[in-house]
Protein chains: 2
Amino acid sequence: AVAAPAIAQSTPDVRWRLTSSFPKSLDTIYGAAEVFAKLVAEATDNKFQIQVFAAGEIVPGLQAADAIQNGTVECCHTAPYYYVGKDPTFAFGTAVPFGLNSRQQNAWFYHGGGMELLNDFFKKYNIVSLPGGNTGTQMGGWFRKEIKTPADLNGLKMRIGGLAGRVIQKLGAVPQQIAGGDIYPALEKGTIDAAEWVGPYDDEKLGFNKVAPYYYYPGWWEGGAALHFFINTEAWAKLPKNYQAIVTAAAGYANVDMQAKYDARNPAAVRRLVQSGAQLRPFSPDIMEACQKASVELYAEISKDNADFKKIHDAYMAFRNDEYLWFQISEFTYDSYMIRSRAKG
Amino acid sequence: AVAAPAIAQSTPDVRWRLTSSFPKSLDTIYGAAEVFAKLVAEATDNKFQIQVFAAGEIVPGLQAADAIQNGTVECCHTAPYYYVGKDPTFAFGTAVPFGLNSRQQNAWFYHGGGMELLNDFFKKYNIVSLPGGNTGTQMGGWFRKEIKTPADLNGLKMRIGGLAGRVIQKLGAVPQQIAGGDIYPALEKGTIDAAEWVGPYDDEKLGFNKVAPYYYYPGWWEGGAALHFFINTEAWAKLPKNYQAIVTAAAGYANVDMQAKYDARNPAAVRRLVQSGAQLRPFSPDIMEACQKASVELYAEISKDNADFKKIHDAYMAFRNDEYLWFQISEFTYDSYMIRSRAKG
């Protein structure tokens, strides 16, 4: 018998499917999975091919994690906070109200113990996770009427999910779960009063400005919303070490690339939205404070009965406080100056 | 004859040397080259090995680009603005006074046409470049005395390099080029009045707070200082496509990883520095404005005689203005709120 060359053992043919939680129309966020799969294929001379499916093609968008847990699909690209119904601890993988911004989220993931904590938790779901993109601070969404005080949230029907929905519920609002394509008619008919989506580049495509002109900011429930690649633990363990390294590197590239794409595309989109009638409005300080107070209450409630949540929450919030100690110095002062200078022309 | 398996052609043994412009003591920035080389080795089962050398081991730190241009070394990890003596256009690869912040720099590189423009320029130097790290907004450095007005810059001897040195020269300051290890004694003896280095985590190691207690911010000359991997064009062209993809992915990972490391380590360092006597001071608005005015003048002067500089400058500054149009909305308002909220406790 002729011995197989050693290298053959490390470049086996592997075929994975990746189910995205996003439609192709969200090209920035969906595109991160394509960037990832393309790099993995190129890096292995097409020996390791990952076929990317949009939400709903093989798995519904919000069930991507289940498909990984069950091993019916090897890999997905998703927002962990979609799974707060399973356990609110998932939220720390994406964003929690009044949490980390995009860079801080990466600092926590890569060098603040975040991925160790999260992957320890994700083990229960047969998931190995790698950070794979960020949107930056999202917008607060589209409102049919101005809201000026916390009292204006009372009775407000808003399309908003996850922990943020539970926060505004404490202020009397009525959170609604509505799929992307159904938001526009709901806003138009007045079935809902407000809806949050992502930011200018994505929001523009859905045309919300025509039916709900008040465009609020910031999206305090996603200061830096992170996406992840979830990989089935057995599928991950079966990969040779070199393929694991390629997947790790490609996910890192997709991570920085996706944030860069949003940052490059949002400016022109926000300008077009304002030109076509969107009215930018900051949430008032008392609305922000009331929502933060409600968030802190919610975290305390969940922490009482959920040790995983408490453990990660406490580490995450301590990290957040340290991050803003530093960011308020050079980073924030620089941006402040540049923004003022730009306004002066 | 037995035909070699096809895969053998795409996983040749390759040995590169990488010369870093940084000493090992700057573990965060030097570490990015190690992260990069380790991923490339793991991804290729050690077929493609990149040996990392610290500044001065095989090439002096500030001559790394020359070694790539001459092909004596295949790859380096460096700050392009070290080479403004060759051509000030190099500066756009790292940072220019009143330029982009870290995220915006990546947005420009990956999706704003930045790397196309830079690599077109770098061709003249036989360099192919990939972004490979960022420090975030640096600090403005250490001063023996407080400076309150632009007039206080007059006659000030400051360790500061590149375009920033030419900017403060316009205000009467005397820029000095001093290697890292020589800064402390120069500050102690009063040979110089001030020195800029990087940020809290790196600055702390050199102990400047003991001899120049006023720690100014922000470093307006590096809003988001980027590092790059420079690769000799022939060495790059010789790589099989799959190795090129691995190098690209690993550089992307190193890019996001290095910023994360700085962001994770700076908070504790700034706290320790303040506890040991460093006095934080913001540059006054009139100093910032005078320096920005001098920067704009400098850009106009260089642009007159340097078409490469003008072309990239104009694209870069248009991009910057767009970026801050967007960043001032959700991103900045979110950070503002979080910083105020933290201060209230």
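These numbers come from the heavy atoms of this one structure, side chains and all, not from hydrogens, waters or symmetry mates. Bear in mind that the values here come from a model prediction, so they are computed numbers and not experimental data. Proteins come first, then strands; the chains are lettered A, B, ... in the order of their sequence lines, and each starts at number 1.
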With a 4.5 Å cut-off on side-chain heavy atoms, are [Y] and [X] touching?
X       : Y       : answer
W326(B) : P200(A) : yes
D263(A) : E323(B) : yes
D335(A) : Y324(B) : yes

For chain B, which of [options] has the most heavy-atom pairs under 4.5 Å?
options                            : answer
A264(A), G252(A), P218(A)          : P218(A)
E331(A), K38(A), E42(A), Q328(A)   : E331(A)
Q292(A), R265(A), Q104(A)          : Q292(A)
T333(A), I246(A), L325(A), V247(A) : L325(A)
A250(A), A343(A), S341(A)          : S341(A)

Specify the closest pair of heavy atoms between [X] and [Y], including all atoms of both residues, with the distance to one decimal.
X       : Y       : result
A43(B)  : A245(A) : N-CB, 3.7 Å
F332(B) : F332(A) : CE1-CE1, 3.2 Å
A260(B) : N106(A) : CB-O, 3.6 Å
S330(B) : G219(A) : OG-N, 3.7 Å
M338(A) : G99(B)  : CE-O, 4.0 Å

(message) Going by the rule side chain to side chain donor-acceptor pair (under 3.5 Å), which residues pair with S129(A) if we only count those two or more places apart in sequence or in a different chain?
(response) H228(A)

Which region of [X], side chain (C-beta onward) or backbone (N, CA, C, O), has a non-hydrogen atom less than 4.5 Å from a non-hydrogen atom of chain A, or is it both or neither?
X       : result
Y337(B) : side chain
Q138(B) : backbone
L280(B) : side chain
Q259(B) : side chain
Y216(B) : neither
K344(B) : side chain
R320(B) : side chain

(message) Nearest 0.5 angstrom please: Y253(B) OH to T248(A) OG1, how far?
(response) 7.0 Å

(request) Go through the atoms of R103(A) and report whether side chain, backbone, both or neither lie under 4.5 Å from a heavy atom of chain B. (result) both

(message) Which atoms of F319(A) are under 4.5 Å from chain B, going by heavy atoms: the side chain, the backbone, both sets, or neither?
(response) side chain

(request) Can you check whether anything in residues 266-275 of chain A gets within less than 4.5 Å of chain B, heavy-atom wise, and list it by number? (result) N266(A), P267(A), V270(A), R271(A)

(request) Between chain A and each of A249(B), G199(B), P131(B), count heavy-atom pairs under 4.5 Å; write down the option with the most. (result) A249(B)

(request) Could you have a look at S102(B), A41(B), A251(B), P282(B) and say which one has the most heavy-atom pairs with chain A under 4.5 angstrom? (result) S102(B)

(message) Among residues at least two apart in sequence or on other chains, which ones pass ring-ring contact (aromatic ring centres under 6.0 Å, His included) with Y243(A)?
(response) F48(A)

Tabulate below the donor-acceptor pairs under 3.5 Å that side-chain atoms of residues 108-116 of chain A make, not counting sequence neighbours, or state none.
from    : atom 1 : to      : atom 2 : distance (Å)
Y110(A) : OH     : N255(A) : ND2    : 3.0
H111(A) : NE2    : D257(B) : OD1    : 2.8
H111(A) : NE2    : D257(B) : OD2    : 3.3

